[in-house]
Protein chains: 2
Amino acid sequence: MSNSGVVVPLNSKISCDKCGVKQSCLGRDLCACEPARLGEIKGPPRLYRRGDHLFRVGDSFESLYVIRSGAIKTYLISEDGAEQIIGFYGPGETIGFGAIANGQYRCNATALDTSSICKVSFEAVSRLCDRSPDTLRELIRGISAETVRLAEMILLLGKKTADQRVASFLLSQSGHQHERGYSATALTLSMSRTDIGRYLGLTVETVSRVLTRFQAQGALTKDRKQIRIRNLKTLRRIAGESGGDAFIEPTGRATLAS
Amino acid sequence: MSNSGVVVPLNSKISCDKCGVKQSCLGRDLCACEPARLGEIKGPPRLYRRGDHLFRVGDSFESLYVIRSGAIKTYLISEDGAEQIIGFYGPGETIGFGAIANGQYRCNATALDTSSICKVSFEAVSRLCDRSPDTLRELIRGISAETVRLAEMILLLGKKTADQRVASFLLSQSGHQHERGYSATALTLSMSRTDIGRYLGLTVETVSRVLTRFQAQGALTKDRKQIRIRNLKTLRRIAGESGGDAFIEPTGRATLAS
DNA sequence: CGACAGATTGAGAGACCTCAACCAGAGTGG
DNA sequence: CCACTCTGGTTGAGGTCTCTCAATCTGTCG
């Protein structure tokens, strides 16, 4: 796109050097290798507002998107109009991998919050890969990791109860926030209850009820999008993760410590 | 299938030239580029019997596996021991992508039938990628396509009814068989009802009941693993695919033609 | 303040699961 | 050849987890 920075209050001259997510950005070496053509291969971070779309199913594929800040969801729409969220993504993560295969984006991507996103030309990344094995390895590892995440999502949707799904989701959020240097127990969710449901294959009401029950059981406290985990071990046990003194009643629903 | 007509005693000298799936095999150019080291980078096809494992979760990653013939399933085991099948794979398909990210296989893979499989050293493929952009593109496209398939699976598990799941599954099988030059309506399933259930997030009983109902409705006839699709359009409508004169009752279950 | 979207809570319904019995075909061994 | 076993598939009855429908509540925004 343009380097002129009209749309965006962000400084178009922001250097990749100082970017907070550069260590996980596929474009980082592009800056070093082809600084003169930077504008061509990797636009300046653009700002998306809540609800803005990065791309939609069927859009022709040009770029991967690297998230500098904010939160993005990707989703599919079923024939009868229902929305299934495929993933929530945050700073440092890259989206758009599915489009590589056939030149079209295969899901929709929209901002959950105001987000700063770098568009990275896939053509440029490909070129870079020819010379930089590191970049190539990073790209392939990124897509590979995504397949693992999706497979685990399939396990969750295919086999887990509502309690397990919500607990797993919270633990996952906790992990991500922790990785990014935030508290592992004081979560600030960027998505609505509705979106949590659309992600976990549950209705809003079920999500709400489960959270309420978790709160009643002392596993967490909640206030809108602020979730404070009070008992990580309990959540782990409910989620069915090992390491949480896992104990699942043979008959079904996970039980809390008596 | 086999070039020589003999199923078992595979000749280690089998040439990639004559391989039936060479057009979709990542290793195909390895033969041409490094024929002298072929045995090192790409073993001869090995035969796996029903139930044999190609790899398990946690095994250290060395190779991708290209299916020459037969059928493979990949699966995960949940904390409480339930098996969720992630995918069924047939001739020409490559598995093991998830292991690239962190050097360990992240799912289990086992043969559903006697299968002929080529192990392709990932290290060798990587090396080849440095010189062959085509191979690289193929590798990346393969993984990318897998993320798309997994995302669609998530949509199925998160949003679809048992009827829709089974219908989608049958249509998918139909498509694959058709691609491979077989009938699109006379299906020979390589997996058990139990495995279909483990794939679709349903119990065996539900799968069985749905198939029985489809048969009663004239959409198909079944005999063990032989499924003959009698009305493709009806199946498409049930699956909720466009192009099948889609009509879904607002309240829920898809209806058949009256 | 009124309108509105998001979240919560309740009551009832339904799709799928669980438990259980029964059946069919493929081996196995006497 | 015929029990016998065993695995996989089908069918039935009943239970329940989650959904649907609906009402209420809360914080936000104009």
Side-chain angles (χ1 to χ4, degrees), chain A residues 49-51 73 78 80-84 112-113 156-167 188-216 220-227 238 248-255, chain B residues 50-51 73 78 80-84 112-113 156-167 188-216 220-227 238 240 248-255:
Chain A
R49 285 193 205 77
R50 174 181 169 75
K73 72 171 177 184
S78 71
D80 50 346
E83 175 180 322
Q84 174 64 45
L112 292 167
D113 270 334
L156 180 144
L157 292 172
K159 287 283 181 292
K160 301 199 175 177
T161 66
D163 282 20
Q164 291 176 313
R165 294 181 200 197
V166 174
T188 302
L189 303 181
S190 47
M191 69 292 292
S192 65
R193 299 282 193 275
T194 302
D195 274 351
I196 296 174
R198 287 169 174 165
Y199 181 56
L200 298 177
L202 302 169
T203 58
V204 208
E205 295 94 325
T206 298
V207 173
S208 182
R209 275 186 259 266
V210 171
L211 285 175
T212 298
R213 183 148 35 79
F214 284 177
Q215 183 172 47
L220 54 80
T221 54
K222 67 187 166 70
D223 175 34
R224 312 282 290 166
K225 298 197 166 178
Q226 308 297 321
I227 306 278
I238 295 174
I248 308 286
E249 289 279 294
T251 52
R253 181 168 298 188
T255 53
Chain B
R50 174 182 169 75
K73 71 171 178 184
S78 72
D80 50 347
E83 175 181 322
Q84 174 65 46
L112 293 168
D113 270 334
L156 180 145
L157 292 172
K159 285 284 180 291
K160 302 199 175 178
T161 65
D163 282 20
Q164 291 176 314
R165 294 181 200 196
V166 174
T188 302
L189 304 181
S190 47
M191 69 292 291
S192 65
R193 300 282 192 273
T194 301
D195 275 351
I196 296 174
R198 286 168 175 166
Y199 180 55
L200 299 178
L202 302 170
T203 58
V204 209
E205 295 95 325
T206 297
V207 172
S208 181
R209 275 186 258 266
V210 170
L211 286 175
T212 299
R213 183 149 33 80
F214 283 177
Q215 183 171 47
L220 54 80
T221 54
K222 65 188 167 70
D223 175 35
R224 314 280 290 164
K225 298 197 167 178
Q226 308 296 321
I227 305 278
I238 295 173
I248 308 287
E249 289 281 292
T251 52
R253 181 169 297 189
T255 53

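In what follows, chains carry the letters A, B, and so on, assigned in the order in which the sequence lines appear, proteins first and then strands, with residues in each chain numbered from 1.
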With a 4.0 Å limit, can you tell me whether Lys222(A) has a side-chain N or O closer than that to the phosphate oxygens OP1/OP2 of dT8(C)?
yes
Check whether any side-chain nitrogen or oxygen of Ser192(B) sits under 4.0 Å from OP1 or OP2 of dT7(D), and answer yes or no.
no
Taking CZ from Arg193(B) and P from dG25(C), how many angstroms apart are they, rounded to a whole number?
13 Å
Counting only non-hydrogen atoms, which of residues 200-211 of chain B are less than 4.0 Å from DNA chain C?
Gly201(B), Leu202(B), Thr203(B), Glu205(B), Thr206(B), Arg209(B)
Any side-chain to backbone donor/acceptor pair from Arg193(A) onto Arg224(A)? Under 3.5 Å, distance only.
yes
Measuring only between side-chain heavy atoms, which start at C-beta, is Val166(A) closer than 4.5 Å to Leu202(A)?
yes
Partners passing salt bridge (charged side-chain N to carboxylate O under 4.0 Å, His left out) against Arg198(A) (at least two apart in sequence or in another chain)
Glu83(A), Asp195(A)
Measure the distance from CG on Asp80(A) to P on dC19(D) and round it to the nearest whole Å.
14 Å
Atom pair distance, as rounded to whole Å: CG in Asp163(B) and P in dC16(C):
7 Å
Whole-Å distance, Ile196(B) CD1 to dC16(C) P, equals 16 Å
Which heavy atom of Ile238(A) sits nearest to which heavy atom of Gln164(A), and what is that distance?
O-CG, 3.2 Å
Please report the distance, rounded to the nearest Å, between CD in Gln215(A) and P in dA7(C).
15 Å
For residues Leu112(B) and Ser190(B), report the shortest heavy-atom separation together with the two atoms involved.
CB-O, 3.8 Å
For a side-chain contact (heavy atoms from CB on, under 4.5 Å) check, start with the C-alpha distance between Leu189(B) and Ile196(B), then their side-chain angles and the critical distance, and finish with the verdict.
CA-CA 10 Å; Leu189(B) 304 181; Ile196(B) 296 174; 3.9 Å; yes
Within the structure provided, determine whether Thr212(B) and Lys222(B) are in side-chain contact (heavy-atom separation under 4.5 Å).
yes
Can you identify which nucleotide, out of dA7(C), dC16(C), dG9(D), has its nearest atom closest to the Thr194(A) side chain?
dA7(C)
Does Arg50(B) have a side-chain nitrogen or oxygen under 4.0 Å from the phosphate oxygens OP1 or OP2 of dG8(D)?
yes
Whole-Å distance between dC17(D) C1' and Gln164(A) CD?
13 Å
Between P of dC23(C) and CG of Asp223(B), the distance in whole Å
19 Å
In whole angstrom, what separates Met191(A)'s CE from dA7(C)'s C1'?
16 Å
